[in-house]
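In listed order, ligands and their atoms are each counted from 1. Please read all numbers here as calculations on a predicted model, not as lab measurements.
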Amino acid sequence: MTSLMQTVTFVACFLSGAAIAAEPTLPTVKIFTTGGTIAGSGSSSTDLTNYKAGGISGNDLVKSVPELARFAKTEVEQIANAGSYDLTIANWISLARKINEALAKPGISGVVVTHGTNTIEETAYFLNLTVKSDKPVVLVGAMRPATAISADGPLNLINAVRVAIAPDARGKGAMVVLNDEISSARDVTKEHTSRVEAFRPTDFGYLGYIDEDKVAFYRAPVHRHTAKSEFDVSKLDTLPAVDILYAYIQPTLGLVDALVKADSQGIVFAGTGAGDISTAERNALAPTMKMKPEVRPIFVRSSRVGNGRVTATKDYEPFGMIAADTLNPQKARILLMLALTKTRDPKELQRIFSEY
Ligand code: ASP
């Protein structure tokens, strides 16, 4: 408000005898809840592993943190109330649609999604590719259930809402917030089964921190996301089936065959090292790879290592395999599912894996 407008408002209120509102208008954040440990309930405050993920409703979860009202108005909608290992692709598509609807409203500043930590990185990356807005989308979870002593969920939720209303968070794609740290959906992965500092954005580092004085950003994601993404799930009910095969010494060869027979549209290898799969598997695959990409599964090489690139090499590229760059297998799977809604052309698919 300009000082002239403030003076005019003050004089108008003074003349009419009305009180001047002390609080500035707070932004509104839409919170979608899906369950997880952040909404987990155990029978005692020391139950840290024995508890029900998604035991508390979305409304009760948000009501249990009244301090949120200092930062934003909130609207809550429960999408699911489950352990995140039980969420479905239908949940993802419905979430993306509802987020797109919410963010299209001028009155909504940003979105927060509460989520189990087991698969939070997957939902975050899916939304990173399918939300059509520059407004912040922040996924948040907790490592200790809501009923636990020293539960981390309440502060994580406040931090998520603060990021969702932070002007600097715009245009940064979907983000994951836990432990006062902000990570990019593309890079973040869960690296610990139980500690509150379970999330790391691999080699690339956090986008920023949330401290009492401010939400501080230090870098921005450079791969295509959200408003610049070519993927659109607004008219889809499901995605092409894509599965992951883990690579290790002397794998059972029938697994690839079983997936091909099960009609997998794509198979991502969690390869050893820089995305290697065994010669025995390659030999077993050779007849399939001789078929046109339109009638066989598309194969992508990622790595089980956790850091670094998988690049196209002479052993795999002529063989028709796509390299996942730095995407981990579970994220390469999501990009492949979305890519297969557009193309099966290996060159186009490799372009997509280089850009997102
Ligand atoms: N332990 C998980 C969590 O942190 C359970 C889940 O992913 O829902 O929320």
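Atoms of ligand 1 found under 4.0 Å from any heavy atom of Gly36 (numbered from 1 in listed order, with element): 8 (O), 9 (O). Near Ala142, with a cut-off below 4.0 Å to any heavy atom, the atoms of ligand 1 are 4 (O). Atom numbering of ligand 1 starts at 1 in the shown order; those under 4.0 Å from a heavy atom of Tyr51 are 1 (N). Near Gly83, the atoms of ligand 1 lying under 4.0 angstrom from a non-hydrogen atom of the residue are 8 (O).
Atom 8 (O) of ligand 1 has as its closest protein heavy atom Ser84 N, 2.6 Å.
Remark: of the listed residues Asn179, Asp180, Asp211, Asp180 is the sole one forming a side-chain hydrogen bond (donor to acceptor under 3.5 Å, both in side chains) with Asn159.
Using a cut-off of 4.0 Å between Lys/Arg side-chain N and Asp/Glu carboxylate O, Lys30 and Glu77 are scored as salt-bridged. Classification of Arg219 and Asp187 as a salt-bridged pair holds, one side-chain N sitting under 4.0 Å from a carboxylate O. Between Arg97 and Glu101 there is no salt bridge, since none of the side-chain N atoms of the basic residue sits less than 4.0 Å from a carboxylate O of the acidic one. The pair Arg304-Asp276 does not meet the salt-bridge criterion, since no charged nitrogen lies less than 4.0 angstrom from a carboxylate oxygen.
Heavy-atom distances between Gly35 and ligand 1 stay at or above 4.0 Å for every pair.
When all heavy atoms are compared, the tightest approach of Arg186 to Lys331 is O-NZ, 3.1 Å.
Taking any N or O of Thr117, backbone or side chain, at least one lies under 3.5 Å from an N or O belonging to ligand 1. Residue Tyr85 places no N or O, backbone or side chain, under 3.5 Å from any N or O of ligand 1. Checked against a 3.5 angstrom limit, the closest N/O atoms of Thr37 and ligand 1 fall inside it. Among the atoms of His115, none of the N or O lies under 3.5 angstrom from an N or O of ligand 1.
Taken together through direct or relayed side-chain contacts under 4.5 Å among Ile, Leu, Val, Met, Phe, Trp and Tyr, Ile38 and Val29 form part of one hydrophobic cluster.
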